[in-house]
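Step one of this worksheet: look at the structure below.
One is the number of the first residue; the rest follow in order along the sequence. Values below: all heavy atoms of this structure, side chains included; hydrogens, waters and symmetry mates excluded. Quantities reported herein were computed from a predicted structural model and do not represent experimental measurements.
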Amino acid sequence: MGLSTHVLDTMHGCPAKHMHVELYRTDGLQATLLQSFNLNADGRSEGPLFDDQSLQAGTYRLTFDVKAYFLSCGVTLPEPAFLDRVSIDFGVAHITQHYHVPLLVSPWSYSTYRGS
């Protein structure tokens, strides 16, 4: 149970190692930063962002620093870059279930889904 994330770099076909990510709790237009971290070499957080005891129902935002990641990989991007920071707003309704929020990203596109 709890909350987790990971990122796959679809341009290079690999995990987005060391990408910077921020987790916020949201309430309307208000956002409170809860965690700021870098993904590991497997493109994942080191552990769950919330375990099953600390996850609460509500709305959250994960923000991924896509531009900085691709620049660190040596990708030449236009200025301004098409994608800079990608934010995914999502809701947690059932705290007894696991919420996994993956991001598949390139400098030009991204997608997400609720994983298991």
Side-chain angles (χ1 to χ4, degrees):
M1 306 307 151
L3 173 65
S4 59
T5 189
H6 81 273
V7 181
L8 296 175
D9 171 346
T10 59
M11 179 181 194
H12 298 106
C14 63
K17 63 182 179 179
H18 311 302
M19 181 184 284
H20 186 73
V21 182
E22 295 172 342
L23 172 65
Y24 297 85
R25 173 82 187 224
T26 60
D27 184 13
L29 296 177
Q30 300 289 332
T32 303
L33 179 64
L34 301 176
Q35 294 184 45
S36 179
F37 56 94
N38 290 329
L39 301 175
N40 64 20
D42 204 26
R44 299 177 180 275
S45 56
E46 283 300 327
L49 303 176
F50 286 110
D51 60 24
D52 55 350
Q53 285 84 29
S54 58
L55 182 62
Q56 297 177 6
T59 55
Y60 296 89
R61 174 178 299 140
L62 281 165
T63 300
F64 303 87
D65 201 346
V66 171
K67 176 183 172 182
Y69 165 76
F70 282 108
L71 287 173
S72 75
C73 292
V75 176
T76 302
L77 299 174
E79 188 55 47
F82 182 68
L83 294 177
D84 187 347
R85 293 166 47 94
V86 171
S87 292
I88 300 171
D89 290 355
F90 61 97
V92 171
H94 305 287
I95 61 171
T96 59
Q97 297 177 6
H98 183 75
Y99 285 78
H100 182 67
V101 184
L103 178 69
L104 288 74
V105 68
S106 80
W108 315 107
S109 67
Y110 67 92
S111 64
T112 190
Y113 56 93
R114 181 178 172 194
S116 56

Any side-chain heavy atom of Y24 within less than 4.5 Å of one from Q30? no
Over 12 foreign heavy atoms within 6.0 Å of CZ, F37: yes
Under a plain distance cut-off of 3.5 Å, with no hydrogens placed, do N38 and H18 share a side-chain donor-acceptor pair? no
Taking ring pair (Phe, Tyr, Trp, His ring centres under 6.0 Å) as the definition, give me every residue that meets it alongside H100, ordered by chain and number, with sequence neighbours left out. H6
Do any N or O atoms from the side chain of S109 and from the backbone of S106 form a donor-acceptor pair under 3.5 angstrom? no
Could you tell me which non-hydrogen atom of H98 sits nearest to which non-hydrogen atom of R114, and how far apart they are? O-NH2, 2.9 Å
Main chain of P102, side chain of T112: is a donor-acceptor contact present, judged purely on distance under 3.5 Å? yes
Quick one: do V105 and F64 satisfy side chain to side chain contact (heavy atoms under 4.5 Å, CB included)? Show the steps, please. CA-CA 10 Å; V105 68; F64 303 87; over 6 Å; no
Test log, rule side chain to side chain contact (heavy atoms under 4.5 Å, CB included), inputs S4 and R44: CA-CA 8 Å; S4 59; R44 299 177 180 275; over 6 Å; no
Approximate separation, where rounding is to 0.5 Å, of L3 CG and S45 OG: 8.0 Å
Measure the CG-CZ distance between L23 and F50 for me, rounded to the nearest 0.5 Å. 5.5 Å
Show the nearest heavy-atom pair for residues R25 and A57, with the distance to one decimal. NH2-O, 3.0 Å
For L62 and L49 the tightest heavy-atom approach is CD2-CD1, 4.0 Å
Point-to-point distance, once rounded to the nearest 0.5 Å, from CG of N40 to CE of M19: 13.0 Å
Distance-only donor-acceptor hits, side chain of residues 82-93, under 3.5 Å, sequence neighbours excluded:
from	atom 1	to	atom 2	distance (Å)
R85	NH2	E22	OE1	2.9
S87	OG	T63	OG1	2.9
D89	OD1	R61	NE	2.6
D89	OD2	R61	NH2	3.2

Indicate yes or no: at least one non-hydrogen side-chain atom of V101 is less than 4.5 angstrom from one of Y113. no
Is L103 reachable from L71 through a run of hydrophobic residues whose side-chain heavy atoms are each under 4.5 Å from the next? yes
From the list L39, V66, L104, side-chain contact (heavy atoms from CB on, under 4.5 Å) partner of V7 resolves to L39
Under 3.5 Å donor-acceptor pairs involving side-chain atoms of residues 72-81, not counting sequence neighbours:
from	atom 1	to	atom 2	distance (Å)
S72	OG	Y69	O	2.6
E79	OE1	K67	NZ	3.2

T59 versus D27, closest heavy-atom pair with distance: OG1-N, 4.3 Å
